[in-house]
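Proteins get letters first, then strands, A, B, ... in listed order; numbering begins at 1 in each.
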Amino acid sequence: MEEFAKTLRAKQMWLSGGMLTIVAVAVVTRLVVRPAGRWADFIAGFQVGVALGVVGFMAFHVVRYSLARRDPVRLQRLQAAARDERTLLIHQSAGSTGVAVVVFAFAGATVVAGNFNATVFFTLMAATVFVGLVVVAFKVYYAHRY
Amino acid sequence: MLRMQSKLVMEVCVRTNLPALRRQRKLSQEELAQAVGVTRQTITSIEVGKYTASLPLAYKLARYFGMTIEEVFDFSDGEG
């Protein structure tokens with residue numbers, strides 16, 4: 001239990017650092033680089049929205065971990081939830097299936113985009129190759145590990 | 001590994017007498033879950049046969065009731 005509390009403390013610190021970094025990057029980029037053109041407002045709004053969403057998500061977990069570290073019952077519940085084998089299996093299954101779907105969707109979208117716009121085509125192609133390479137790298141890694 | 005594990009979970013139907021054991025000891029699913037370090041949902045899934053406990057969890061459950069794994073889980077359906 002103490003070990004888990006230490007893990008939570010480390011996670012809290014990482015999350016807090018991440019929040020500060022995101023806020024700093026968001027402020028600096030807003031001051032230095034501003035999206036231009038027809039979609040400028042939409043892009044800026046999207047960027048701010050993503051930053052707020054991620055920071056909100058991180059803040060939620062910082063508070064959650066902080067409360068758990070002060071209350072043994074909450075800590076035990078959180079530990080059970082974090083290490084629960086069925087939950088881990090669900091996450092792993094959802095992750096691997098999700099990535100497979102994403103690779104195929106990207107590949108299909110790349111083929112379609114090739115008929116309309118070269119920039120979109122190459123962007124999607126790069127994303128597809130990148131995700132594919134990541135999947136292969138992890139497969140090789142885990143094949144050696146287990 | 002994961003696919004094989006998922007397949008095993010789906011294919012091997014392991015029956016359990018956890019509900020009866022819990023009733024005998026007047027234990028709720030939540031209490032049992034806390035005792036073996038899993039969530040209540042995991043206990044529910046094991047009891048209804050949707051999820052097969054891993055060997056360490058099966059061992060923990062059996063030990064909690066002071067029994068062997070075979071006394072808590074029935075693997076006869078999965079035997080060739």
Side-chain angles (χ1 to χ4, degrees), chain A residues 1-11 60-61 64-65 67-105 131-146, chain B residues 1-19 21-22 25 27-65 67 69-70 72-75 77-78:
Chain A
M1 200 99 128
E2 254 179 52
E3 202 59 39
F4 185 65
K6 276 184 191 169
T7 309
L8 287 188
R9 191 164 184 270
K11 278 187 180 179
F60 169 76
H61 280 89
R64 193 175 169 222
Y65 295 159
L67 291 174
R69 280 177 50 220
R70 285 179 208 157
D71 180 358
V73 178
R74 269 180 199 254
L75 187 64
Q76 198 190 2
R77 277 203 188 134
L78 198 62
Q79 186 181 24
R83 295 182 179 172
D84 179 59
E85 58 178 51
R86 178 175 156 273
T87 309
L88 293 177
L89 181 66
I90 290 168
H91 286 171
Q92 287 171 345
S93 303
S96 59
T97 312
V99 169
V101 170
V102 165
V103 170
F104 280 103
V131 176
L133 285 176
V134 168
V135 170
V136 170
F138 274 113
K139 277 197 175 176
V140 171
Y141 171 73
Y142 284 116
H144 281 89
R145 192 173 163 186
Y146 299 118
Chain B
M1 173 81 180
L2 173 70
R3 205 164 284 170
M4 199 174 81
Q5 199 182 349
S6 312
K7 226 173 171 184
L8 278 173
V9 170
M10 283 187 289
E11 284 175 6
V12 178
C13 182
V14 179
R15 277 178 296 198
T16 176
N17 52 6
L18 274 183
L21 291 168
R22 275 197 307 105
R25 285 161 177 79
L27 271 175
S28 69
Q29 287 183 332
E30 184 70 50
E31 286 164 335
L32 178 60
Q34 274 183 22
V36 294
V38 295
T39 59
R40 185 192 54 77
Q41 288 88 342
T42 297
I43 299 295
T44 309
S45 292
I46 292 169
E47 287 188 358
V48 298
K50 272 168 67 180
Y51 176 70
T52 303
S54 69
L55 186 57
L57 178 57
Y59 177 72
K60 268 189 195 172
L61 287 164
R63 224 172 75 149
Y64 181 79
F65 289 111
M67 295 172 147
I69 292 177
E70 290 92 333
V72 179
F73 295 97
D74 175 14
F75 295 92
D77 278 2

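Taking CG of B:Leu55 as the start and CD of A:Glu85 as the end, the distance is 10.0 Å to the nearest 0.5 Å. Rounded to the nearest 0.5 Å, atoms CD (A:Gln76) and CD (B:Gln34) are 5.0 Å apart. A distance of 7.0 Å separates OG in B:Ser45 from CD1 in A:Ile90, rounded to the nearest 0.5 Å. Interatomic distance, CZ of B:Arg40 versus CG of A:Asp84, reported as 11.5 Å (0.5 Å rounding).
Remark: B:Arg63 CZ is loosely packed, at most 12 non-hydrogen atoms of other residues, nucleotides or ligands lying under 6.0 Å away. Counting heavy-atom neighbours within 6.0 Å of A:Phe4 CZ, excluding the residue itself, gives a total above 12.
In terms of heavy-atom pairs under 4.5 angstrom with chain A, the leader among B:Thr39, B:Val36, B:Val38, B:Ile46 is B:Thr39.
Partners of A:Arg145 according to the side chain to side chain contact (heavy atoms under 4.5 Å, CB included) rule, which considers only residues two or more places apart in sequence or in another chain, are A:Tyr141, A:Tyr142.
A:Gln79 places no side-chain N or O within 3.5 Å of a backbone atom of B:Gly37 that could act as its donor or acceptor partner.
Counting heavy atoms from C-beta on, the side chains of B:Lys50 and A:Arg86 never come closer than 4.5 Å.
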